[in-house]
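Everything numeric in this text was worked out from a predicted model, so none of it was measured.
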Amino acid sequence: MPQGEDESRGGEHYNVSRLRSSSIEIREKGAEFLREQLDAAQKELKLKGEECERLSHVRDQLEQELEELTASLFEEAHKMVREANVKQAAAEKQLKEAQGKIDVLQAEVTALKTLVLTSTPSSPNRQLHPQLQSASTRGALRGHTRNKSTSSALTHPHGQAEAGPTDTQPASKEDKELDSVLFAEFLSWREAPSLERSSAFMGRVYREDIGPCLSFNRTELSQSVQSAVESNSLTIEPVAMTALPLVKASAIECGGPNGWRGAVETKCALSGMSRPCRHRIKLGDKESYYYISPSSRARITAVCNFFTYIRYIQQGLVRQDAEQMFWEVMRLRREMTVAKLGFFLTDES
């Protein structure tokens, strides 16, 4: 019995020792696993700390750049505001100056309109037409004045235009009667004034007056003259009465004297007839001059007179009733007819 008890006790002691060693081994393995987990957590924490530090640095850099950009934008905005204020002040100054100039120009236009309204081909304003002044007044300007086609016509008082065979019958009196057909055509044209030939009024004037009046022997040049009159680009210049040596000029003298400026016997560029040519014409911007006889000049100026008055009506510068305008147009048509037949006025001086 004692020996069996000892053996059972020894077996129990062995089992206890074995359990104790297994517990210690398990504890050690658990501790080792926890240390590994702790090391991994510490490493991960360190990496996260480095990432946070890097992100914090990036944030600080972005904040600094944002502050610099904000400051730059504010500075640029202030600069733009200053420039805008300067430009606005300059614009206001220019506006005031422009308004002052406009006021001056409006006053000048008003004065010019007053002069124009008092000047018609039948009763021209001598301030607008120096060629109508006396010889003593215009003597200094003679031979140096250029007159455009709208004002170059030698206009004259109404009474002088009617001078002719009736001068031998001072007791007679001219009368007139309105033609209903012509007046109706004029009224229709007056509703929409134009220089086009499509209207019955202008078509008749071109057919009966302008065309025949500007029909010369030199057909091609005649057409060019008519085009220049229509476009208001024809210039008539008087030739100096005193023979002076010609200085070399860029303009080409056509149909005129060679080497001398004067009213000498030469061929008229339009008619081809030998006549004393006291005037010359220039067509638009061309450099060529054409010497013309007094009769040719009278025919051109008669047409120019007509176009001048028609343009006045077209621009609304004629303050007359329809019948007065009509009779003035008829008078100008008669001037073209008389000039076409070879009658013209001469300057006695």
Side-chain angles (χ1 to χ4, degrees), residues 105-133 147-162 174-211 213-214 226-236 298-340 345:
L105 290 175
Q106 286 179 343
E108 292 179 355
V109 168
T110 302
L112 287 175
K113 280 187 176 181
T114 303
L115 290 176
V116 169
L117 292 177
T118 59
S119 175
T120 63
S122 60
S123 57
N125 189 317
R126 294 180 179 272
Q127 294 181 357
L128 294 179
H129 303 277
Q131 69 271 27
L132 299 180
Q133 297 176 0
N147 302 314
K148 283 292 182 182
S149 60
T150 56
S151 60
S152 63
L154 181 60
T155 54
H156 42 74
H158 185 73
Q160 293 182 5
E162 299 172 357
E174 184 183 51
D175 204 352
K176 56 188 179 182
E177 182 178 350
L178 188 143
D179 185 287
S180 58
V181 175
L182 297 180
F183 188 60
E185 291 178 353
F186 175 75
L187 291 179
S188 177
W189 171 86
R190 185 169 171 265
E191 293 178 357
S194 172
L195 300 181
E196 300 296 330
R197 310 184 192 187
S198 56
S199 65
F201 166 71
M202 288 301 296
R204 180 187 295 273
V205 175
Y206 266 100
R207 185 174 60 255
E208 298 179 358
D209 302 309
I210 297 176
C213 195
L214 294 182
Q226 181 171 328
S227 299
V229 172
E230 292 171 345
S231 61
N232 194 21
S233 60
L234 182 139
T235 304
I236 300 181
R299 292 166 69 171
I300 294 174
T301 53
V303 178
C304 288
N305 265 347
F306 174 80
F307 274 103
T308 298
Y309 191 68
I310 291 298
R311 289 191 182 98
Y312 285 172
I313 297 176
Q314 188 180 21
Q315 297 167 8
L317 299 177
V318 181
R319 309 299 182 185
Q320 295 176 333
D321 57 34
E323 187 171 346
Q324 288 177 318
M325 292 183 189
F326 173 77
W327 282 117
E328 179 62 22
V329 169
M330 293 301 104
R331 189 192 66 79
L332 294 170
R333 290 188 62 184
R334 183 171 65 176
E335 281 190 358
M336 288 189 282
T337 301
V338 170
K340 175 186 62 177
L345 296 177

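- The closest side-chain heavy-atom distance from F306 to D209 is not below 4.5 Å.
- For R334 and E174, the salt-bridge test passes: some basic side-chain N is under 4.0 Å from an acidic carboxylate O.
- Looking at heavy atoms from C-beta onward, L195 lies in side-chain contact with R311 at the 4.5 angstrom threshold.
- Contact detail for E208 and R333: the closest heavy-atom pair is OE1-NH2, 2.7 Å.
- When side chains are defined from C-beta on, N232 does not count as touching F307, because their heavy atoms never get closer than 4.5 Å.
- Judged by distance alone, the side chain of S188 and the main-chain N or O of A184 form no donor-acceptor pair under 3.5 Å.
- Between the OG1 atom of T301 and the CG atom of L234 there is a distance of 10.5 Å, given to the nearest 0.5 Å.
- Summarising the geometry, atom CG belonging to N305 is positioned 12.5 Å from atom CD1 belonging to I300; distances are rounded to the nearest 0.5 Å.
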**Message:** side-chain contact (heavy atoms from CB on, under 4.5 Å) for L187 and F326? Distances and angles first, verdict last.
**Reply:** CA-CA 9 Å; L187 291 179; F326 173 77; over 6 Å; no

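- Shown here for L214 and R299, the closest heavy-atom pair between the two residues is CD2-O, 4.2 Å.
- Minimum interatomic distance between K176 and W327 (heavy atoms only, all atoms of both residues): CB-CH2, 3.7 Å.
- For the atom pair CD of Q226 and SG of C213, the computed distance is 10.0 Å after rounding to the nearest 0.5 Å.
- The line from CD of Q314 to CZ of R190 is 13.5 Å long, rounded to the nearest 0.5 Å.
- A 4.5 Å side-chain heavy-atom check between D179 and M330 finds every atom pair outside the cut-off.
- Contact annotation: the side chain of L182 never approaches that of F186 to less than 4.5 Å [non-hydrogen atoms, C-beta and beyond].
- Looking at residues two or more places apart in sequence or on another chain, you find no ring pair (Phe, Tyr, Trp, His ring centres under 6.0 Å) involving Y206.
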**Prompt:** Stepwise, does the side-chain contact (heavy atoms from CB on, under 4.5 Å) test hold for I313 with E328?
**Reply:** CA-CA 11 Å; I313 297 176; E328 179 62 22; over 6 Å; no

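- The two residues A298 and A339 make their nearest non-hydrogen contact at O-CB, 3.8 Å.
- The side-chain hydrogen bond (donor to acceptor under 3.5 Å, both in side chains) check on Q315 picks up nothing, with sequence neighbours excluded.
- For R197 and E230, the salt-bridge test passes: some basic side-chain N is under 4.0 Å from an acidic carboxylate O.
- Not one N or O on the side chain of W189 forms a donor-acceptor pair closer than 3.5 Å with the backbone of A200.
- For the pair I310 and F201, the minimum side-chain heavy-atom distance is below 4.5 Å.
- Between R331 atom CZ and Y309 atom OH the span is 9.5 Å, to the nearest 0.5 Å.
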